[in-house]
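Just so it is clear, the structure is predicted and the values come from calculations on it, not from any experiment.
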Number of protein chains: 2
Amino acid sequence: MNDLTIGALAKSAGVGVETVRYYQRRGLLSPNGARKGAFRVYDNDELARLRFIRRAQSLGFSLDEVGDLLALDEETDRERARAFALSKIADVESRIRQLEEMRSALQGLVTCCEHTEAPAPCPILHALANAAEPPPAPRGKAGARSARQTP
Amino acid sequence: MNDLTIGALAKSAGVGVETVRYYQRRGLLSPNGARKGAFRVYDNDELARLRFIRRAQSLGFSLDEVGDLLALDEETDRERARAFALSKIADVESRIRQLEEMRSALQGLVTCCEHTEAPAPCPILHALANAAEPPPAPRGKAGARSARQTP
DNA sequence: GTTGACTCCGTACTCGGGTACTGGGTCTAG
DNA sequence: CTAGACCCAGTACCCGAGTACGGAGTCAAC
């Protein structure tokens, strides 16, 4: 009855086999379960759990947080789940604010560039080289590598 | 005249000594320069360069990109610098959009939670467990570890 | 009865931006 | 002259979320 091998499970959830194993190592999915012969088989509950993980992740939860989320009880932990979501919203909002600051600083440089006559030295590089303020700590870990598309 | 040891340089720019060395390894700062006895000394130009790096970083450029930026010539590369800034703006904006999507999804869950009567199972966990759509690939690498504050 | 696709398990590597540690050498103030 | 603070060079390690690889076992189809 709807037994999936790890490969079929992974495919149904749109992830790679290695990812499933990785989640098992992280304790998000159980590595021990039903076996058919030598191979582990997975049921629909495990598929649902795997999908849960991916959905929560796409909402900005880290895998550690997903673990906490999975430990909550749908019946008795409403408060906690809501608090969790609210704090994640605050989190996301503060990241948005940081990015907006970056954007407007960059915008300012570009605008300034557009209002300078041709044979002058580049105002952008110039501004970067001699900014007025003491250099702020870097903020937006620029690498936000776009999500994996099950490559 | 105004010779700084690596420690003084680092302090003036608000970074750690190890960070300066790291930038040297990455080729953003030159590891060979004037020496006073056994110790390398740095001048104001190198301090300016180091500050440039941090400023560019705070605008969302990666260290690789900072390297490209440093290779531009203030006199002759205005076009390139502007194009660089514009593409970085596009980049930042797309990250903002992703985060806004996350926020509204989370917002939706919380709102739904507020409109549900007390003894029902948690609608947030429930939604996570049985969402309508196939799970999208994760987007916003949730870890946005808050920027280093020269610890 | 063999081919080819899949699974198991373990370890190691990736990326970006650093931090930490080790075992020296050197410089400077008291 | 010695203590303590600083520097040098190299290597190893951290985080988060996977990806890659290798050798061996297994399963289904032809």
Rounded distance (Å) that lies between atom [atom2] of [N] and atom [atom1] of [X]:
| X | N | atom1 | atom2 | answer |
| --- | --- | --- | --- | --- |
| L28(B) | dG18(C) | CG | P | 10 Å |
| L29(B) | dG18(C) | CG | C1' | 14 Å |
| D64(B) | dG16(C) | CG | P | 6 Å |
| K36(B) | dC6(D) | NZ | P | 17 Å |
| R54(A) | dG16(D) | CZ | C1' | 13 Å |
| F61(B) | dG16(C) | CZ | P | 16 Å |
| Y23(B) | dG16(C) | OH | P | 14 Å |
| L63(B) | dC15(C) | CG | P | 15 Å |

Dump the pairs, protein N or O against N or O of nucleotides 5-11 of chain C, anything under 3.5 Å, distances to one decimal.
from   : atom 1 : to     : atom 2 : distance (Å)
dT7(C) : OP1    : T5(A)  : OG1    : 2.6
dT7(C) : OP1    : G7(A)  : N      : 2.9
dC8(C) : OP1    : R40(A) : N      : 2.6
dC8(C) : OP2    : R21(A) : NH1    : 3.3

Exercise. Is there a donor-acceptor contact under 3.5 Å from the side chain of R21(A) to the main chain of I6(A)?
Worked result: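 No; judged by distance alone, with no hydrogens or angles, the pair does not exist.
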
Exercise. Can any side-chain N or O of R51(B) pair as donor or acceptor with the backbone N or O of S12(B) at less than 3.5 Å?
Worked result: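 Here the side-chain-to-backbone pair exists.
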
Exercise. Which ring pair (Phe, Tyr, Trp, His ring centres under 6.0 Å) pairs, counting each pair once, include a residue from residues 67-95 of chain B, with sequence neighbours left out?
Worked result: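 Sorted result for residues 67-95 of chain B: F61(B)-F84(B).
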
Exercise. Taking 4.0 angstrom as the limit, do E46(A) and R40(A) come out as a salt bridge?
Worked result: yes

Exercise. Is Q57(B) near enough to dG18(C) that one of its side-chain N or O atoms lies under 4.0 angstrom from OP1 or OP2?
Worked result: yes

For this session: State which of dG17(C), dT19(D), dT19(C) makes the closest approach to the side chain of T19(B).
Result: dT19(C)

For this session: Report yes or no: do R54(A) and Y23(A) form a side-chain donor-acceptor pair below 3.5 Å?
Result: yes

Please tabulate, for side-chain N and O atoms in residues 27-35 of chain B, each donor-acceptor pair with protein atoms closer than 3.5 Å (sequence neighbours left out).
from   : atom 1 : to     : atom 2 : distance (Å)
S30(B) : OG     : N32(B) : N      : 3.2
S30(B) : OG     : N32(B) : O      : 2.8
R35(B) : NH1    : A38(B) : O      : 2.8

